[in-house]
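Note that the coordinates shown come from a computational prediction; the quantities given were computed from them, not determined experimentally.
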Amino acid sequence: MEKNQGLFPNPVPSLADFKKEIRAFSDACSDAAYRDKRMLVIRDSKRKDLLNLLRILSSYVHFVAKGDKGIILAAGFVPSKKRSSANRNPDTPEDFRAEGEIGTGKMKLRVKASPKVYVYRFEYRKKIEGEPWQVVLSSRSRCVIENLAIREEYEFRVCFVGRNSQSPYSFVVSSYVY
């Protein structure tokens, strides 16, 4: 900021106050090097004061720059990236499988895990037209569905539930329960 005085004529806080606070924090760090509890408390207090001044200074730069990344860089700050909503939406389920255990009436369901998922919504129904889907929620990418009728064909599907949305359903997988 010192090299670009024309862009930032009256910084708040002043650069002299900011340098003074940096020196005070540096001295407090040196004093706290021997792990004296009192000095550690003073150091932490000076750190808090310095960060507060830095926030105020960054707000001043943001106000003067009005979103211009070049001016923000001239002040010595790094412009923040815009948040993407894509980071919050879960992907479409991939590699969905249903594996039965013979003679138990159980079906193991699994899907490729996704880091953006809060809950996995597994659904199943008998393969009959108009049969309602039964829902099983899981925090894991695997699920075991029990008490299925033996020698019946079932359909299974899964979707991911994210913070603000739900993914499309996977392809429906059909399997007989033995």
Side-chain angles (χ1 to χ4, degrees), residues 25 35 37 40-41 43-45 47-178:
F25 175 66
R35 310 301 291 168
K37 287 187 180 193
L40 290 173
V41 169
R43 181 203 61 194
D44 292 344
S45 173
R47 175 185 294 137
K48 192 175 183 181
D49 294 342
L50 181 62
L51 288 175
N52 189 35
L53 279 179
L54 187 60
R55 278 190 205 99
I56 293 169
L57 186 62
S58 69
S59 296
Y60 169 78
V61 169
H62 181 71
F63 176 75
V64 170
K66 296 179 183 163
D68 186 350
K69 291 183 180 181
I71 295 175
I72 294 171
L73 287 169
F77 288 93
V78 177
S80 59
K81 296 178 183 176
K82 291 189 177 190
R83 292 187 181 194
S84 170
S85 63
N87 292 341
R88 297 285 178 222
N89 296 333
D91 301 325
T92 304
E94 296 177 5
D95 195 24
F96 178 52
R97 294 177 284 186
E99 300 168 352
E101 293 183 13
I102 296 175
T104 61
K106 293 181 184 179
M107 190 64 69
K108 290 182 180 179
L109 306 177
R110 67 170 56 175
V111 65
K112 184 178 177 183
S114 174
K116 303 171 192 166
V117 174
Y118 286 92
V119 175
Y120 296 87
R121 180 182 171 132
F122 294 95
E123 296 185 4
Y124 68 97
R125 69 178 181 185
K126 284 187 181 179
K127 194 170 183 176
I128 301 172
E129 190 64 35
E131 186 78 15
W133 289 95
Q134 304 298 316
V135 177
V136 177
L137 299 175
S138 175
S139 60
R140 306 186 80 201
S141 63
R142 297 172 183 231
C143 175
V144 176
I145 299 185
E146 300 177 333
N147 302 323
L148 298 174
I150 296 177
R151 290 187 225 116
E152 293 284 336
E153 188 174 13
Y154 283 85
E155 293 179 318
F156 305 93
R157 67 183 183 182
V158 67
C159 73
F160 299 151
V161 179
R163 179 179 223 164
N164 298 323
S165 65
Q166 175 177 311
S167 74
Y169 282 100
S170 66
F171 291 111
V172 174
V173 174
S174 297
S175 179
Y176 278 96
V177 177
Y178 294 102

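In Ile102, the CD1 atom is not crowded: 12 or fewer heavy atoms of neighbouring residues, nucleotides or ligands sit closer than 6.0 Å.
For the pair Cys143 and Val136, the tightest heavy-atom approach, listed with the atom from each and the gap, is SG-CG1, 3.6 Å. Considering every non-hydrogen atom in both Ile72 and Val61, the closest pair reads CA-CG1, 4.3 Å. Of all non-hydrogen atoms in Ser167 and Pro93, the two that sit nearest each other are OG-CD, 3.6 Å. Of all heavy-atom pairs between Tyr178 and Ile150, the closest is C-CG2, 3.5 Å.
Listed by first then second residue, pairs satisfying salt bridge (charged side-chain N to carboxylate O under 4.0 Å, His left out) with a partner in residues 132-146 read Lys106-Glu146, not counting sequence neighbours. Residue pairs meeting the side-chain hydrogen bond (donor to acceptor under 3.5 Å, both in side chains) criterion with at least one member in residues 93-105, sequence neighbours excluded, are Glu101-Lys108. The salt bridge (charged side-chain N to carboxylate O under 4.0 Å, His left out) pairs that include a residue from residues 150-161 are Glu123-Arg157, Arg125-Glu155, Lys127-Glu153, where partners are two or more places apart or lie in different chains.
Ring-plane geometry between Tyr120 and Phe160 is classed as perpendicular, the angle between the planes exceeding 60 degrees on a 0 to 90 degree scale with a lower cut at 30.
With rounding to the nearest 0.5 angstrom, the CG atom of Leu40 is 5.0 Å from the CZ atom of Arg35. To the nearest 0.5 Å, atoms CZ (Phe156) and OG (Ser174) are separated by 8.5 Å. Note that the NE2 atom of His62 and the CG atom of Leu57 stand 13.5 Å from one another [nearest 0.5 Å]. Leu109 contributes atom CG, which lies 11.0 Å from atom OG of Ser141 (distance to the nearest 0.5 angstrom).
By the salt bridge (Lys or Arg N to Asp or Glu O under 4.0 Å) test, Asp44 is found to be paired with Arg47, residues two or more places apart in sequence or in another chain being considered. With sequence neighbours excluded, no residue forms a side-chain hydrogen bond (donor to acceptor under 3.5 Å, both in side chains) with Gln134. Scanning for side-chain contact (heavy atoms from CB on, under 4.5 Å) contacts around Leu137 gives Val119, Arg121, Val135, with sequence neighbours left out.
A donor-acceptor contact shorter than 3.5 Å is absent between the side chain of Ser45 and the backbone of Val41. Using a distance-only test at 3.5 Å, with no hydrogens or angles considered, a donor-acceptor pair links the side chain of Tyr154 to the main chain of Ala149.
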